[in-house]
There are 2 protein chains.
Amino acid sequence: MRLVIARCSVDYAGRLSAHLPLATRLLLVKADGSVLVHSDGGSYKPLNWMSPPARLTVAPAGEDAAEGVVETWTVRNLKSDDRLVVSVHEVLHDSSHELGVDPGLVKDGVEAHLQELLAEHIGTLGDGYRLVRREYPTAIGPVDILARDGGGGAIAVEIKRRGDIDGVEQLTRYLELLNRDPQLRPVAGVFAAQEIKPQARTLATDRGIRCVTLDYDALRGMDDVSARLF
Amino acid sequence: MRLVIARCSVDYAGRLSAHLPLATRLLLVKADGSVLVHSDGGSYKPLNWMSPPARLTVAPAGEDAAEGVVETWTVRNLKSDDRLVVSVHEVLHDSSHELGVDPGLVKDGVEAHLQELLAEHIGTLGDGYRLVRREYPTAIGPVDILARDGGGGAIAVEIKRRGDIDGVEQLTRYLELLNRDPQLRPVAGVFAAQEIKPQARTLATDRGIRCVTLDYDALRGMDDVSARLF
DNA sequence: CCATTCATTTCGAGT
DNA sequence: ACTCGAAGTGAATGG
């Protein structure tokens with residue numbers, strides 16, 4: 001990994017065109033040839049970049065030396081024809097470092113986990129609810145959860161972290177299919193998410209689908225309690 | 001901006017939990033307190049990070065000194081209660097740099113531009129086509145383009161950079177609404193994108209919606225030509 | 001300021 | 001290899 005602090009301007013040409021005026025920035029060159037151009041603020045997203053696999057070539061200034069350019073970096077993607085051109089005016093820092101391969105990130109608490117928790121505590125949807133199965137298969141893909149309510153009626157549950165209109169459309173398609181099955185019919189729908197967009201709620205309600213807001217911490221808390229009982 | 005190359009392990013607790021085992025990485029501390037943890041590969045996305053506004057506090061090793069920890073960095077987000085904890089085992093490089101404010105990126109060639117270009121060259125959809133208006137309003141949101149074909153029939157165009165099933169669903173909803181308007185009825189649909197997924201194409205065709213693949217460079221080229229005429 | 005939509009999205013899982 | 005959906009999505013734009 002090479003770290004360069006430089007006064008530079010940057011041009012990108014690929015799926016779109018973009019330009020960065022002259023300023024002091026961090027140029028980060030990774031082992032796979034990818035380059036990140038970072039400013040001293042903003043988010044984790046660079047101002048501009050070239051994705052791997054890429055190749056960096058450095059050329060001394062040509063005609064643009066008159067404009068103060070010291071050297072020109074050209075970063076070419078090896079699979080597409082995207083190009084990133086960095087016009088370096090002044091190098092303030094330049095160092096290289098051996099990092100080795102990274103063991104990678106371990107995550108916990110995403111949608112899959114939400115589904116697990118709700119399946120485990122399906123009773124939070126109503127008294128007498130019981131789980132039939134998670135990932136209940138249909139012709140167009142698996143429904144997140146199939147359950148039965150206290151009266152034995154079938155319930156199809158679609159789970160999202162953020163519930164928007166697409167999720168309601170998806171659940172609607174599942175319900176249409178499931179309601180053709182005499183073993184299940186009639187199947188009611190539940191749209192469960194940590195956060196449900198108003199538009200999605202309106203559409204769901206209009207179609208007779210119940211909306212449920214999930215509290216991840218509460219579900220996880222119930223988990224802890226039940227864990228303590230053992 | 002502070003650049004640190006260090007052997008470290010990292011833990012994040014916030015909307016999810018994540019852990020990075022001990023390895024050598026770049027720790028990038030920005031002026032707004034945000035921290036990025038980068039490996040020597042992958043894309044522009046850091047392995048882990050803390051978004052601004054954030055505050056970094058560094059503490060000498062405590063009980064964990066026995067495990068080889070030299071110092072512990074705690075990065076707290078000032079608006080949420082997200083925390084990033086970096087256990088530093090060895091510092092291989094440490095430098096700070098003044099960058100100043102960045103003038104920011106200038107973009108050109110995104111979806112808005114595609115819509116502009118297609119509206120300008122609506123004739124590429126067929127002989128005699130003419131533009132009624134861009135962002136034609138409906139009760140559930142604006143249609144990208146409303147046009148008339150050579151015979152005077154209304155055409156609703158949905159534009160995407162990448163056309164997938166969601167875009168077809170969206171256009172379907174627009175068409176359903178527009179076809180209730182006696183001034184417009186019957187309204188035909190055109191799904192236009194730089195790249196159309198097979199599934200989306202199938203669904204669109206099934207619903208009588210025409211699919212058109214847009215060539216951005218060609219549209220831009222036509223633009224250049226017409227520009228040269230003036 | 002909230003809500004929706006786009007993104008050089010990136011990333012991972014499943015087929 | 002390809003497709004599809006999720007993301008600690010982030011960022012811009014319109015109401």
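Sequence lines set the chain letters: A, B, ... in the order given, protein chains first and strands last, and positions in each chain run from 1. All values reported here derive from a predicted model rather than from experimental measurement. Side chains included, hydrogens not; waters and symmetry mates left out as well; all remaining heavy atoms used.
Atom pair A:Leu105:CG and D:dG8:C1' shows a separation of 10 Å (rounding to whole Å applied). Remark: C1' of D:dT3 and CD1 of B:Ile165 are 12 Å apart, rounded to the nearest angstrom. Atom CD of B:Glu116 is separated from atom C1' of C:dC6 by 15 Å (rounded to the nearest Å). B:Asp164 has its CG atom 11 Å from the P atom of C:dC6, to the nearest Å. The interatomic distance linking A:Arg15 (CZ) with C:dT10 (C1') rounds to 11 Å, in whole Å. Nucleotide C:dT4 holds its C1' atom 12 Å from the CG atom of A:Asp166, rounded to whole Å. Summarising the geometry, the separation between CD1 on B:Ile196 and P on D:dC2 is reported as 18 Å, rounded to the nearest angstrom. For the pair B:Gln194 CD and C:dA7 P, the interatomic distance rounds to 9 Å; values are reported in whole Å.
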Just the table, please: protein N/O against nucleotides 11-14 of chain C N/O, every pair under 3.5 Å.
unit_1, atom_1, unit_2, atom_2, d
C:dC11, OP1, B:Ser43, OG, 2.3
C:dC11, OP2, B:Ser43, OG, 3.0

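A salt bridge between A:Asp82 and A:Arg76 is absent, with no side-chain N of the basic residue lying under 4.0 Å from a carboxylate O of the acidic one. Comment: A:Arg207 does not engage A:Glu176 in a salt bridge, judged by the lack of any side-chain N to carboxylate O separation of less than 4.0 angstrom. Between A:Arg173 and B:Glu169, at least one side-chain nitrogen of the basic residue sits less than 4.0 Å from a carboxylate oxygen of the acidic one, meeting the salt-bridge criterion. Comment: B:Arg25 engages A:Asp102 in a salt bridge, judged by a side-chain N to carboxylate O separation of less than 4.0 angstrom. Using a 4.0 Å cut-off between a side-chain N of Lys or Arg and a carboxylate O of Asp or Glu, B:Glu158 and B:Lys160 qualify as a salt bridge.
Comparing atom distances between the B:Trp49 side chain and each of D:dG8, C:dA7, D:dG5 picks out D:dG8 as nearest. For B:Lys160, the listed nucleotide lying nearest its side chain is C:dC6; candidates were C:dC6, D:dT9, D:dG8.
In terms of phosphate contacts, A:Arg162 brings no side-chain nitrogen or oxygen within less than 4.0 Å of OP1 or OP2 of D:dA7. For the pair B:Lys197 and D:dT3, the criterion of a side-chain N or O lying under 4.0 Å from OP1 or OP2 is not met.
At a cut-off of 3.5 Å, with distance as the only test, no side-chain donor of A:Thr74 or A:Arg83 sits close to an acceptor on the other residue.
In this structure, A:Tyr44 and B:Trp49 have tilted ring planes: the angle between them lies in the 30° to 60° band.
Below the 3.5 angstrom threshold, one finds a donor paired with an acceptor across the side chain of B:Ser51 and the base of D:dG8.
D:dC4 and D:dG8 have their P atoms separated by 22 Å, with the value rounded to a whole Å.
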